[in-house]
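The next block holds one structure in the form of structure tokens; read it before the comments.
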Amino acid sequence: MLNKNGVPSLEEIKSRFPSEEFLNKPKAITECYENIPCNPCSTSCPFDAIYIGEDINTPPVVDFEKCTGCGVCVYNCPGLAIFTVQKKEDCLVFKIPYELVPYPEKGEIVNAINRNGDIIGECEIEKVSITNRQDRTALLQVKVAQELLYEFITVRRKL
Ligand code: SF4
Ligand code: SF4
């Protein structure tokens with residue numbers, strides 16, 4: 001539970017996701033549960049798809065109708081608390097923030113990690129994006145097994 005060990009419950013995780021029909025296209029998921037004074041996700045979104053409102057302490061809310069899954073908020077969040085996810089026919093495609101160097105490489109098979117830090121399987125790095133405007137936060141596009149929708153959160157290299 002979030003208020004005991006910092007790990008959100010399945011119910012809390014699901015509360016951040018849209019209904020599954022939205023996930024045919026990539027959508028941003030904000031795992032930002034606390035009332036903290038922060039808003040770069042909202043101010044950086046080119047599509048005005050993240051709402052915080054007048055009180056900067058309010059947790060962000062994504063408008064899934066507006067979100068294109070572009071990933072700009074993912075690398076602008078200082079808390080690494082946002083990812084995007086899309087459901088494909090045979091897999092999930094996540095875009096996650098990643099700051100450990102050396103970055104993984106395209107095609108690399110890495111461990112899939114859950115919110116407790118446990119290994120829950122393997123996944124494949126499909127793309128690694130890093131540009132100057134990302135300030136060293138890479139965006140990893142990762143192919144993940146469908147059953148890990150609410151479990152997968154990051155990757156750990158096998159090296
Ligand atoms: S993924 Fe792009 S469109 Fe969606 S909320 Fe983030 S910045 Fe906005
Ligand atoms: S930028 Fe990240 S930490 Fe800050 S409010 Fe948005 S989701 Fe939360």
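At a cut-off of 3.5 Å, with distance as the only test, no side-chain donor of Gln134 or Thr137 sits close to an acceptor on the other residue. In this model, a donor atom of one side chain and an acceptor atom of the other lie less than 3.5 Å apart for Tyr75 and Arg133. With hydrogens and angles left out, the side-chain atoms of Glu12 and Ser15 include no donor and acceptor closer than 3.5 Å.
Put simply, the residue from Leu92, Val85, Val155, Val93 that forms a side chain to side chain contact (heavy atoms under 4.5 Å, CB included) with Val142 is Val155.
The salt bridge (charged side-chain N to carboxylate O under 4.0 Å, His left out) test applied to Lys158 returns Glu122, not counting sequence neighbours.
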Kindly indicate, with the supporting measurements, whether the criterion side chain to side chain contact (heavy atoms under 4.5 Å, CB included) is fulfilled by Cys38 and Ile56. CA-CA 6 Å; Cys38 186; Ile56 196 174; 5.7 Å; no

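Atoms CD and CD1, from Gln141 and Ile96 in turn, are 11.0 Å apart once rounded to the nearest 0.5 Å. Once rounded to the nearest 0.5 Å, the distance linking CD1 of Ile120 with CD1 of Ile113 reads 7.5 Å. To the nearest 0.5 Å, the span separating OG on Ser19 from NZ on Lys14 amounts to 13.0 Å. Of the inter-residue distances, the one linking Ile153 atom CD1 with Glu31 atom CD reads 4.5 Å to the nearest 0.5 angstrom. In this structure, NZ in Lys87 is found 10.5 Å from CD in Glu21, a value given to the nearest 0.5 Å. To the nearest 0.5 Å, atoms NZ (Lys95) and CD1 (Ile82) are separated by 13.0 Å.
The aromatic rings of Tyr150 and Phe17 sit perpendicular, their planes meeting at an angle over 60°, well past the 30° parallel limit. Note on ring orientation: taking the six-membered ring where Trp is involved, the planes of Tyr98 and Tyr103 are perpendicular (angle over 60°, cut-offs 30° and 60°).
Between the side chain of Gln146 and the backbone N or O of Glu89, at least one donor-acceptor pair lies under 3.5 Å. For Thr84 (side chain) and Gly71 (main-chain N/O), no donor-acceptor pair under 3.5 Å exists by modelled atom type. Formation of a donor-acceptor pair under 3.5 Å by the Thr58 side chain with backbone atoms of Asp55 is found in this model. Side chain of Asn114 to main chain of Gly117: a donor-acceptor pair is present (N/O by atom type, distance under 3.5 Å, no hydrogens or angles).
Under a 4.0 Å N-O distance rule, the pair Arg136/Glu99 does not qualify as a salt bridge.
Closest approach of Glu105 to Arg157, counting heavy atoms only: N-NH2, 4.4 Å. The two atoms that bring Ile36 and Cys32 nearest to each other are CD1-SG, 4.2 Å, heavy atoms only. Residue Glu20 comes nearest to Leu149 through the heavy atom pair OE2-CD2, 3.9 Å, listed as atom of the first residue, atom of the second, then distance. Of all heavy-atom pairs between Val7 and Arg115, the closest is CG2-O, 3.8 Å.
The local environment of CD in Glu11 is sparse, with at most 12 non-hydrogen atoms from other residues, nucleotides or ligands closer than 6.0 Å.
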